Structures are given as structure tokens and as C-alpha cells.
Amino acid sequence: MGKKLGIGLLGLGTVGAGVASILADPNGRHPLVEEIELKRVAVRDLKRQRKVLISSSLLTTDPLAVVEDESINIVVEVMGGLEPARSLILRSIELGKSVVTANKAVIARYGEEIAKASKAAGVYVLIEAAVGGGIPIIEPIKQSLSGNKIKRISGIINGTTNYILSRMSKEGTSFNEVLKDAQSLGFAESDPAADVEGLDAADKIAILSGLAFGGSINRSEIPTQGINKLEIKDINYASQLGYELKLLAITERVQEFSSRNDSLPLATFVQPTLVPKDHPLASVSGVNNAILVEGDPIGEVMFYGPGAGAGPTASAVVADILNIAGVQPMVDLNNYLDPLLSASSWRKCHLVESKEILQKNYIRLNCKDAPGVIGQIGTVFGRNNVSIESIVQFDASQSDAEIVVITHLVSKGQIAQSLKEIEGLSSVQSITAHMGCL
Ligand code: HSE
């Protein structure tokens, strides 16, 4: 290949240190690793103790100096956050440099802007590490599955919440207790909001949706429900009914009441969901992620593995660097962009209104334990054309009872109207939980 490709690293945290470790130890890896060289690294604090041995002469606190360094061909952005990460990515592209990033927040919001800029500049922006950590999912959707019509992607794409749910289920411990322990063990951030409120999963499903269906959706419109309000009793009831409780992110093609020919209607959302125990996603536990892709003609294919952590995420980042290293001579000679490797959108997509989304539902109601209560609830559902799959009374004590309803497939609009009417029944004290169900 001749001259080595220069790598500039923005960020030397967990992922950055993982990338630097791989690049420092090419032995036994693909020979292309020998053809790339880490030239400069932007860090926040020059004096911080590092997990990786790195020459202090490579370090700078000025990320723009890394981006603008002429010896750097590929900029690797692993600093996270929206700014300055977005501006540094765009500046790199402007300078004709390809970019590798793990930044799901930036790509979920500015992916289209970045893809357009990279196409115009004739460079690549690769994002394998942004979803699913070490699991190859981005390039398989872009390349290996590109002959399919994708119908649906559903996945467990947040390791922190899956770890918390797995422990709640196994130990019967409350959300708050497990969260505290997960934080002390380093499995959850000290500020866990992005993970436990489902925001991280929403970023990731927005990215997968854009690649699978060929057009971006508005990240801020994705209905998102996290696990922070989840009670242990719902995990217990779900288990007694034959389900595991998982935080699922889903994007799928749907029919719309008033269909628009110029845009593909999608239902995309994040919510705690009851998954039948024999479903492939039910057995995914701990920090692992899994993504189930359904397409025509492939049917179902599931991607499973470590969704976070230094090694797995760095594995995805380095794969992207090597992909670019492999095509770099072509880029230089012909200004040629491989259409499957570069991100592109080829149609418009939009989210259907939430009330049009069809799903099965799990609903827990706190009621009086009195004759006729189940009948009254059933009447309201019947009036709204909601068909009930099962209705079970748990935990009847003196005057109160808990009733759990699982519905057949109905629209969210029908459920919302039913729940409004049920709340008005004098025999119902409160609707205590509402989740999806596969
Ligand atoms: N915070 C993420 C998770 C890892 O818990 O899955 C990085 O995407």
C-alpha cells in the first residue's frame, strides 16, 4: 500500500483506549492493521492516568488540531455528545477525510446532514460501533441484507437496561436497588437517564430504521418509554403468564389509514414489552444486545452479542477503519464511493401517528374486589372493539384486587380510549401499568 494511513483519535475514554490498544498490537490481526498508524489523539486532560500505553507526544487537548492535521486521513470520533462532535465530524468531511464514529446521538439527529456532506466530499462516514457495540449490524443491514425488503427490526439495543431487567427478574429485586448496585459495579452510568428512560435505545433504532428503510425519521418523534417506572410485580406477573419483560426498540413498515404514495409509513418506538419465553429475544440476558431483522426473502435473522464495553466497541470501530483502509486507494484514484459502504437514502419515510400503531397490550389495573368488576372492564374493551386474549386476577386482598389484561392486536388509539373510559369506572382505582406484548 505504500505510505501508512494516518488515524486521528478524538477521545481516549473507554472506547478510544480500546481502539488504541488494538492498533498498538497488530500481531495476529488482518495485515491491513499494519498499514495504519495512530498519529494524534485529542484528550480532555493531558495528565490523566490511561489504561493504554500511549506516547505523550501524540496527545493534545485541541480536537480541531487533530482534524486539521495533514498527516491524518481518517478521523475517529469517540468523544460522544452532540457538540463539538458534530462540528468536528463535518469539518473532517469538509477537509476530505473519512470519519469513523460511535456517536449514536449525533448520527440519530444529524445522520442525513452528515451523509449528504460525505457524499458530496467523496468520503466515508462509518458507524458500526454506534449500535449494538461489537455486534456487526450496521454493515450487514447496509450490505449483506441489501437485497431484502426489510419488514421489521426489533431488538434489545441497550445493555444497561437489559442488565437491570435480567437481575430484577432473576433476584426479584426492585428497579432502584438493582440500579444502585449496577452503578457501583460500573454497569450503569452515574447519570443513568439516557439508558433507563429509553433515549439511548431510541437513538439506535432511529439509525437502524434509516438504514433498513432507506430514509431517515425524525428522532424527536419516536414514542419512548423506559424502564425507570417499572415495578417488580409486573416482571413476576409476566413470568407467571409465560413472558419475559424486555425493553424493545422496534421499527416496522405499516399500513396507514391515509396512505401517502411519496413516503413509506413506519411505526418506530421504544417500550417495555412482554416477550413470550420461547421467542428468540426472551433469552437475551445481562449486558448483551440482540437485533432481530425480518425481511423478504430472508425471513428472520438474529444478531447477538456484547452491546457495549471497550473491547467490543473498539472491535467495531477498527473494522470500520479497515473497511476504509481497504477502499482508500480507489477513493484517491477515482473519487469512487462504494454505494453499499457509503450511507445513502433513497426514499422518504415518516412515522405514523401513535394512535395508528397496532400492538398487543399488557395492562395492570388496581380494582375493587367486588362482583361484576371484570364484566365492567370487559364491556368497555368490547365497546371499543378491543379483543381480550386473557384477563387474570392476581393478589386479591380484603377489598382490593389486581387485574391483568392481555389484549389481542389493537390500535394504540383504541387502547387509549378504552383506558380513559376504564379510569372513569368507580370500581377501578388506577391503571398501574401499560406495556407492549409480542
Ligand atoms: N449505554 C449503552 C448501553 C452502551 O447500555 O447499551 C453504549 O451504546
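Quantities reported herein were computed from a predicted structural model and do not represent experimental measurements. Reckoned from all heavy atoms, side chains included, excluding hydrogens, waters and symmetry mates. We count ligands from 1, going down the list as the structure has it; atoms in each ligand are counted the same way. Here, residue 1 is the first one in the sequence, and each next residue gets the next number.
- Ion pairing between Glu252 and Lys151 fails under the 4.0 Å rule for side-chain N and carboxylate O.
- Considering backbone and side-chain N/O atoms, Asn289 never comes within less than 3.5 Å of an N/O atom of ligand 1.
- The protein atom (non-hydrogen) at minimum distance from atom 7 (C) of ligand 1 is Lys104 NZ, 3.2 Å.
- With hydrogens and angles disregarded, a donor-acceptor distance shorter than 3.5 Å links the side chain of Asn162 to the backbone of Gly286.
- Here the shortest heavy-atom pairing between Phe175 and Leu230 reads CB-O, 4.0 Å.
- Against a heavy-atom cut-off of under 4.0 Å, Gly159 is close to the following atoms of ligand 1: 3 (C), 5 (O), 6 (O).
- Tyr362 and Asp234 share a donor-acceptor pair across their side chains, judged by distance under 3.5 Å alone.
- Between the choices Thr160, Val131, Asn162, Thr14, the shortest heavy-atom distance to atom 5 (O) of ligand 1 belongs to Thr160.
- At a heavy-atom cutoff of 4.0 Å, ligand 1 is contacted by the side chain of Asp195 but not by its backbone.
- Residue contacts with ligand 1 leave out Glu189, since none of its heavy atoms falls under 4.0 Å from the ligand.
- In summary, the atoms of ligand 1 found under 4.0 Å from a heavy atom of Ala308, numbered by their order in the structure, are 4 (C).
- Neither side chain, Ser166 nor Ser285, offers a donor N or O lying under 3.5 Å from an acceptor on the other.
- Salt-bridge annotation for Glu221 and Arg219: absent, with no side-chain N of the basic residue lying under 4.0 Å from a carboxylate O of the acidic one.
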